[in-house]
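Only one structure is covered here, and it is reproduced in the block below.
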Amino acid sequence: MDTSSPETLAKAYEFKEVEKRWYAAWQADKTFSAKMDPERDSFSIVIPPPNVTGVLHVGHALNNTLQDVLIRYKRMMGLNALWVPGTDHAGIATQNVVERQLASEDKTRHDLGRDKFIERVWQWRQEKGGTIINQLKHLGCSCDWDRERFTMDEGLSKAVRTVFVRLFKEGLIYKGDYIVNWCPRCHTALADDEVEHEDKKGKLYHIRYPFADGSGHVIVATTRPETMLGDSGVAVHPDDERYNHLKDIGIKLPLTDRTIPVVFDHHVQRDFGTGALKVTPAHDRDDYEIGLRHDLEIIKVMDDSGIMNDAAGAYAGLDRFDCRKKIVADLEEQGFLEEIEDYDHAVGNCYRCHTVVEPTTSLQWFVSVKPLADKAVKAVHSGDINIHPKTWDNTFYAWMNNIRDWCISRQIWWGHQIPAWTCDDCGQLMVEETDPSSCDKCGSSKLSQETDVLDTWFSSALWPFSTLGWPDNSEELKFFYPTSVLITSFDILFFWVARMMMMGLHFMDEVPFKDVYLHALVRDKHGKKMSKSTGNVLDPLVVMDEYGTDALRYTMTAFAAQGRDIRLSEERIEGYRHFINKIWNAARFSLMHINSCDASVTADVQPKEMALAHRWILSRLNKAINEVHDSLAGFRFNDTASSIYQFIWHEFCDWYLEWTKSDLYGDDATKKAEAQAVLFTVLEAVLKLLHPIAPFVTEEIWHFLPGERSTIMTESYPVANPDWDDNEAEETAELIMGVIGGIRNIRSEMQIHPSAEIEAFAICPDIKKGQRLGEHSTSIMGLTRTSSLEIIESGAVPKGAATYIFEDMEIYVPLKGLIDVDKEIAKLNKSKQKIDKQYNQTNGKLNNEKFLANAPDDIIAKEKAKLEEFTTKLSKIDDSIARLQDLA
RNA sequence: GGGCGGUUAGCUCAGCUGGGAGAGCAUCGGCCUUACAAGCCGAGGGUCACAGGUUCGAUCCCUGUACCGCCCACCA
């Protein structure tokens, strides 16, 4: 391990150099590499493969930080932890990138031809495809890079082919001519969930369709008048009395010379518009289905680019939107246009390029997902797969139970080409794992392979087992499948997670993962989705550069509360940078005092006989450790982050370090050694606790600690030591902190300069408490800069002293008449009011017979104790006020 | 149209199975106290959206209302 760190810690943490140095060292030493030690359990995660075209955004930062936190934690817990990294070939997205590159050279992919184009994409991937991988490294991800995969690599391609062929032979993949979502820009079909619906302000055109016999007309309403050229019928509801008489009448379709029939279909909503619907089976999903039911003609009026074709007659050659304008103008001119109404409706857009999708019929490949979906539903029902947070279960079921067949063919070039061949001579269709050389029916050697490629999600659906070597029965597959947990954003629950469940259950006969943790979407601080076009993107690379990777990771972990959007603000990141620096300085301070220690002093710390501060901090450390384990087990990452933050800053730094200084700086060798041992112990534990979230700063500090050290990554994670639990120490410490708080409050309120010496008194009627305070008076004096502290059982507070009430005690500081009487009285009255309210509340409960009858005993006891406390406080306050009034 | 989530301090958010409202930032006051001014000490600030209900007791459970957000859906 490379430990070429500077000799001493710099005054402030310089993350840039540290991050670079340690990541390189980890990689060189292969500390991320997963072992398959049969003695230990496995823990595995497959990364949601980012698009190979991707650049790291905050969503990735969140997603991968959480995965790394878990992986590092489990690794330190002694499990064989494997995190499989990789990228997705992202069919349309990648093809778009390379096509744009070509466009800048005034070329199209057609100029190159398919083979050359694909070569070009591979070349692009070779040069630019590593960007996001490097960025994940920048983020500190401890992926097993030797096991990195790509959805188009040889192994995964083999898996894809095997799956396709098996599903086909099982009758679960079929080819058919159906209406699909077509992107006229990408020139490909899209799956239903690849279409994004967006509300747009549009128009509803009411058009007069005359009867063929000239006896009248019917008015239809449409948002897309240009499709009327493909109309092959008008539909009305069978029970709609208004249209009973249209049974045998033909409709003369305006702007054309065609006559179309009226059909009666239950799908028509009688109360919408006029209750008459124009039917365009070739360009509308519903119309398609109506058309099927009534055997209507399918007339495509556009080509693959959304340009009107020959079937559109005089409108051929026009873009669909230009055509709309022309049609409307012509209808108007010829008197067919009844009315134009403003109308808001949802328009489907391509999720990649946002072009308006055109529903149209075409020959595509589909997966019958119903039988696969049923298995996935069962797995979630039975608890074989647990979705966190559970609120997603219902959404999941709803979608899975209404799932439609999945259109898996895409008319692009970059992707897994469908392994199907058609015989040019006899038309025989063959789907094979190995390329066929001749037709298995007629023997002809003239075979043409399907030109379509598969939907990108088809290959990512296999990710949990294909990356582990399937279809080969590899050691990895046996050892690491099923994976332990999948961490991803909820927006790809259906695109990806559900499909992995379906494929995993079908081909492995086992769930692909036991837990699914769905995290929120990262938005900007106003709750808007981050996007380049609105310019509200917070670039994690810039953040890492400015605040450090650990600060970004800590922010992500702290923000990862379940079931919410995350609104990221730079202020919060800055706050966590301060925290990282705080740790750095705490370590710097600690090292000043433990540098000379032997590392063995931490081996077996038994605090029972030690000073209070040590017993207290070790007991608190136990609590923090338990909170970390509990919260991580429940995927409550934010709780993990806050437990550690709270412990380090407000217990370890604010109290423990200050409290121990007197021993560390003092002359008593025994006390000093004790303090050093505990300080050393807690610091080590804290670094380990923190390491999964903040790997860099912890690793750097780790190597400054005395003793021979290898990476902190493989140290064992802290577990609570039962010998350190000490409730009595915690109680006593709270008592002392309360008194210290009281004295500090007086000092501050009375504006006594921090370095001015004061004398303090505590009237403590409880003898035992008084004794305990007495034992620790030196600590109290040290932490409050008082020259003397007298603890008395009873007595009167002298006139002109400032008072603070803590529990049943009165703490006072004589001020020789320097206090502002009115101000003091006002202050006391205010706190009296507060306590009065609490008193009344508690008193009310205790006077309520029903409360006494129904509430559990421990709650009643607690309320009684509260009442006593409030009563004492109130009387103390009254005393103080009386004394002050005397003075006035 | 259906479903889900949100509404808590000025801002961003915690608050797990109902029992004395929390954090960070911001604000105010005091401190360069020998790890840290990226810091320390102290303080102020909330009818937990609104209206009902269940309960001895509700920020938490139930119903409804309002506003905000998301997802799904075949009303052209």
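Here the structure is a predicted model, which is why all the values come from computation and not from measurement. Just so it is clear: chains get the letters A, B, ... in the order the sequence lines come, proteins before strands, and each one is counted from 1.
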- Message: Please verify the inter-ring angle class for F637(A) with F635(A); under 30° counts as parallel, over 60° as perpendicular, anything in between as tilted.
- Response: tilted
Report each atom pair, protein N/O against N/O of nucleotides 44-46 of chain B, whose distance is under 3.5 angstrom.
{"from": "G45(B)", "atom 1": "OP1", "to": "K830(A)", "atom 2": "NZ", "distance (Å)": "3.0"}

- Task: Determine the Euclidean distance between corresponding C1' atoms of G18(B) and A9(B); express it in Å to zero decimal places.
- Result: 23 Å
- Task: For A35(B) versus A21(B), give the span between their P atoms, rounded off to a whole number of Å.
- Result: 39 Å
- Query: Closest to the F559(A) side chain: A76(B), C75(B), U12(B)?
  - Reply: U12(B)
- Value in whole Å for how far the C1' atom of C70(B) lies from CH2 of W399(A): 17 Å
- Ignoring backbone atoms, test whether N848(A) places a side-chain nitrogen or oxygen under 4.0 Å from the OP1 or OP2 oxygen of C56(B). no
- Message: Ignoring hydrogens, what is the shortest heavy-atom contact between I701(A) and A587(A)? Give both atom names and the distance.
- Response: CG2-CB, 3.5 Å
Protein-nucleic acid N or O pairs under 3.5 Å, nucleotides 23-25 of chain B:
{"from": "G24(B)", "atom 1": "OP1", "to": "H650(A)", "atom 2": "NE2", "distance (Å)": "3.3"}

- Task: Could I get the full list of side-chain hydrogen bond (donor to acceptor under 3.5 Å, both in side chains) partners for S643(A), not counting sequence neighbours?
- Result: E627(A)
- Task: Please examine the side chains of F559(A) and L62(A), heavy atoms only from C-beta on, and report whether any two atoms are closer than 4.5 Å.
- Result: no
- Query: So which heavy atom on I811(A) is nearest to which on I746(A), and how close?
  - Reply: O-CD1, 3.7 Å
- d(CZ, F490(A); C1', G6(B)) in whole Å: 13 Å
- Item | Validation row: I219(A), I207(A) side chains within 4.5 angstrom (heavy atoms) | no
- Message: Between P on A76(B) and CD on E338(A), what's the gap in Å once rounded to a whole number?
- Response: 19 Å
- Item | Rounded distance in Å between the C1' positions of U54(B) and G64(B) | 15 Å
- Specify whether F494(A) and F396(A) have parallel, tilted or perpendicular ring planes, treating 30° as the upper limit for parallel and 60° as the lower limit for perpendicular. parallel
Are any protein N/O atoms closer than 3.5 Å to N/O atoms in nucleotides 28-31 of chain B? If there are, list each pair with its distance.
{"from": "G29(B)", "atom 1": "O2'", "to": "Q751(A)", "atom 2": "NE2", "distance (Å)": "3.4"}
{"from": "G29(B)", "atom 1": "N2", "to": "S748(A)", "atom 2": "OG", "distance (Å)": "3.3"}

- Task: Would you indicate whether the side-chain heavy atoms of I340(A) and H206(A) approach each other to under 4.5 Å?
- Result: no
- Query: Roughly, in whole Å, what's the span from CG in N394(A) to P in C71(B)?
  - Reply: 18 Å
- Pairs flagged by salt bridge (Lys or Arg N to Asp or Glu O under 4.0 Å) wherever residues 740-753 of chain A is involved - sequence neighbours left out: none
Every protein N/O within reach of nucleotides 34-37 of chain B N/O, cut-off under 3.5 Å:
{"from": "A35(B)", "atom 1": "OP1", "to": "K661(A)", "atom 2": "NZ", "distance (Å)": "3.2"}
{"from": "A35(B)", "atom 1": "OP2", "to": "Y665(A)", "atom 2": "OH", "distance (Å)": "2.2"}
{"from": "A35(B)", "atom 1": "O3'", "to": "R588(A)", "atom 2": "NH2", "distance (Å)": "3.3"}
{"from": "A35(B)", "atom 1": "O2'", "to": "N585(A)", "atom 2": "OD1", "distance (Å)": "2.9"}
{"from": "A35(B)", "atom 1": "O2'", "to": "R588(A)", "atom 2": "NE", "distance (Å)": "3.4"}
{"from": "A35(B)", "atom 1": "O2'", "to": "R588(A)", "atom 2": "NH2", "distance (Å)": "2.7"}
{"from": "A35(B)", "atom 1": "N6", "to": "E658(A)", "atom 2": "OE2", "distance (Å)": "3.1"}
{"from": "A35(B)", "atom 1": "N3", "to": "N585(A)", "atom 2": "O", "distance (Å)": "3.1"}
{"from": "A35(B)", "atom 1": "N3", "to": "A586(A)", "atom 2": "N", "distance (Å)": "3.4"}
{"from": "C36(B)", "atom 1": "O4'", "to": "N585(A)", "atom 2": "OD1", "distance (Å)": "3.1"}
{"from": "C36(B)", "atom 1": "O2", "to": "K582(A)", "atom 2": "NZ", "distance (Å)": "3.1"}
{"from": "C36(B)", "atom 1": "N3", "to": "K582(A)", "atom 2": "NZ", "distance (Å)": "2.9"}

- Less than 4.5 Å apart, any side-chain heavy atom of V516(A) and any of V380(A)? no
- Task: Just jot down the salt bridge (Lys or Arg N to Asp or Glu O under 4.0 Å) partners of D286(A), sequence neighbours excluded, or say none.
- Result: none
- Here the distance between atom C1' of G39(B) and atom CH2 of W584(A), to the nearest Å, is 17 Å
- Message: Under 4.0 Å, counting only non-hydrogen atoms across every strand here, what does A221(A) touch: a base, just sugar-phosphate, or nothing?
- Response: base
- Task: Using the C1' atom as the reference point in each nucleotide, state the distance between G29(B) and G44(B) in Å, no decimals.
- Result: 10 Å
- Reading RNA chain B 5' to 3', what string of ( ), [ ], | and . shows its pairs, if Watson-Crick and G-U wobble pairs count only when both distances fall under 3.5 Å? (((((((..((((.....[..)))).(((((.......))))).....(((((..]....))))))))))))....
- Message: Taking the side chain as everything from C-beta on, heavy atoms only, tell me whether V234(A) gets closer than 4.5 Å to I260(A).
- Response: yes
- Message: Let me spell it out: for each of F851(A) and D639(A), pick the nucleotide of RNA chain B with the closest heavy atom. Which residue's pick is nearer the 5' end?
- Response: D639(A)
- Query: Any side-chain donor-acceptor pair under 3.5 Å between D808(A) and T872(A)?
  - Reply: no
- Answer whether the closest heavy-atom distance between the side chains of Y209(A) and L253(A) falls below 4.5 Å. yes
- Message: For E868(A), is the CD atom crowded, meaning more than 12 foreign heavy atoms sit under 6.0 Å from it?
- Response: no
- Task: Give S755(A) one of three labels, base, sugar-phosphate or nothing, depending on what nucleic acid heavy atoms sit under 4.0 Å from its own.
- Result: nothing
- Query: Rounding to the closest angstrom, what is the interatomic distance between C72(B) and G10(B) at atom P?
  - Reply: 36 Å
- Item | salt bridge (Lys or Arg N to Asp or Glu O under 4.0 Å) involving K661(A) - partner list, sequence neighbours excluded | E658(A)
- Item | Distance in angstrom units between H237(A) NE2 and A76(B) P, rounded | 17 Å
- Would you mind classifying the nucleic acid contact of E627(A) as base, sugar-phosphate or nothing, using non-hydrogen atoms under 4.0 angstrom? nothing
- In whole Å, what separates the C1' atom of G22(B) from that of G46(B)? 11 Å
- Item | Spacing of the C1' atoms in G53(B) and C60(B) (rounded, Å) | 15 Å
- Task: Provide the distance between the two P atoms, one in G6(B) and one in C61(B), to the nearest whole Å.
- Result: 9 Å
- Query: Of the candidate nucleotides G42(B), A38(B), C70(B), which contains the atom at the shortest distance from the side chain of R577(A)?
  - Reply: A38(B)
- Message: Using side-chain heavy atoms (C-beta onward) and a distance below 4.5 Å, is Y243(A) in contact with V262(A)?
- Response: no
- Assign each of Q841(A) and L852(A) the nucleotide of RNA chain B bearing its closest heavy atom; nearer the 5' end lies the nucleotide of Q841(A)
- Taking atom C1' of G57(B) as reference, at what distance in whole Å does atom NZ of K845(A) sit? 6 Å
- For residues 579-594 of chain A, the salt bridge (Lys or Arg N to Asp or Glu O under 4.0 Å) pairs (sequence neighbours left out) are none
- Message: Using a strict heavy-atom distance below 4.0 Å, which residues from residues 280-291 of chain A are in contact with RNA chain B?
- Response: D286(A)
- Message: Just so I know, are the side chains of L679(A) and L664(A) near enough to count as touching, which here means a heavy-atom distance under 4.5 Å?
- Response: yes
- Message: How many whole angstroms separate atom CE of M400(A) from atom P of C72(B)?
- Response: 15 Å
- Parallel, tilted or perpendicular, as decided by the 30° and 60° cut-offs, for the rings of F579(A) and Y576(A): perpendicular
- Taken in chain and number order and not counting sequence neighbours, the residues that satisfy salt bridge (Lys or Arg N to Asp or Glu O under 4.0 Å) with R785(A) are none
